[in-house]
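Here the structure is a predicted model, which means the values were calculated and not measured. Residue numbers count from 1 along this sequence.
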Amino acid sequence: MASQVMLPGGGGRGRRRTYRPVSDINVTPFVDVMLVLLVVFMVTAPLMTVAVPIDLPKTQARSVSSEKEPLVVSIDSAGKVYLQEKKMDLTDLVPKLKAITGANPDARIFVRGDKDVSYGRIMEVMGTISSSGFNKVALVAELPHPDRH
């Protein structure tokens with residue numbers, strides 16, 4: 001009751017087994033890794049925005065596209081001023097902006113103001129930035145959703 005096992009390459013006694021290297025590239029692990037990275041970046045990309053919670057006013061204007069990331073000055077509903085995510089006094093804002101931009105008057109600065117903050121406070125911040133020599137100061141607003149009025 002002996003059974004015979006067939007081995008690749010003939011498998012008989014005294015024969016030498018010949019193995020040829022596989023010349024195909026297995027891309028399955030590569031695709032798996034790339035899909036995992038895609039999911040990670042899709043989840044983390046929205047979290048990389050400025051973290052100061054602001055309820056922006058709505059506008060019909062188109063968004064401005066640019067290759068360089070602007071500096072963002074935010075004003076929350078209590079009137080507190082933030083540069084990127086760091087809270088600071090209005091008196092400290094201009095020296096910090098000049099230090100970051102190297103006193104470049106063409107540096108783009110976006111001002112985000114909560115819709116509940118007074119117009120005068122937003123103009124005070126924008127006026128302070130503009131009077132210090134920065135030429136490209138812009139307000140940021142949110143596009144309205146078509147289903148809401």
* CA sep, side-chain torsions, deciding dist, call: L97, L71, side-chain contact (heavy atoms from CB on, under 4.5 Å) -> CA-CA 8 Å; L97 285 171; L71 289 170; 3.7 Å; yes

* Asked: So N26 and T28, side chain to side chain donor-acceptor pair (under 3.5 Å) or not? Walk me through it.
  -> CA-CA 6 Å; N26 188 1; T28 304; 3.3 Å; yes

* Asked: Given the rule in the side-chain contact (heavy atoms from CB on, under 4.5 Å) test, do V94 and T128 qualify, once you have shown the distances and angles that lead to the verdict?
  -> CA-CA 7 Å; V94 172; T128 302; 3.6 Å; yes

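Clustering ILVMFWY residues whenever any of their side-chain heavy atoms sit less than 4.5 angstrom apart, transitively, puts V40 in a cluster other than the one holding L35. Taken together through direct or relayed side-chain contacts under 4.5 Å among Ile, Leu, Val, Met, Phe, Trp and Tyr, I75 and Y119 form part of one hydrophobic cluster. Hydrophobic clustering (side-chain heavy atoms under 4.5 Å, transitive across Ile, Leu, Val, Met, Phe, Trp, Tyr) groups V33 together with F30.
Within the 4.5 Å cutoff, the side chain of K98 has heavy atoms near those of the F134 side chain. Annotation: side chain of D92 is not in contact with side chain of V81 (no heavy-atom distance under 4.5 Å). Taking 4.5 Å as the limit, every side-chain heavy atom of M34 sits out of range of all side-chain heavy atoms of L38. Two residues are said to be in side-chain contact when any heavy atoms from C-beta on lie closer than 4.5 Å; V73 and I129 meet this criterion. Proximity of L90 to R121: side-chain heavy atoms (C-beta onward) are separated by under 4.5 Å at one or more points.
Listed here is the closest heavy atom pair of G133 and P105: O-CB, 3.3 Å. For V137 against M126, the heavy-atom pair with the smallest separation is CG1-CE, 3.8 Å.
To the nearest 0.5 Å, atom NZ of residue K96 and atom NZ of residue K86 are 4.5 Å apart. To the nearest 0.5 Å, the span separating OG1 on T101 from CZ on R108 amounts to 13.0 Å. Separation of atoms CD (E124) and OG (S118) is listed at 8.5 Å; rounding is to 0.5 Å. Interatomic distance, CZ of R112 versus CD1 of I122, reported as 11.5 Å (0.5 Å rounding). Taken to the nearest 0.5 Å, the OG atom of S77 stands 6.5 Å off from the CG atom of D116.
Residues forming a side chain to side chain donor-acceptor pair (under 3.5 Å) with S131 (at least two apart in sequence, or on another chain): none.
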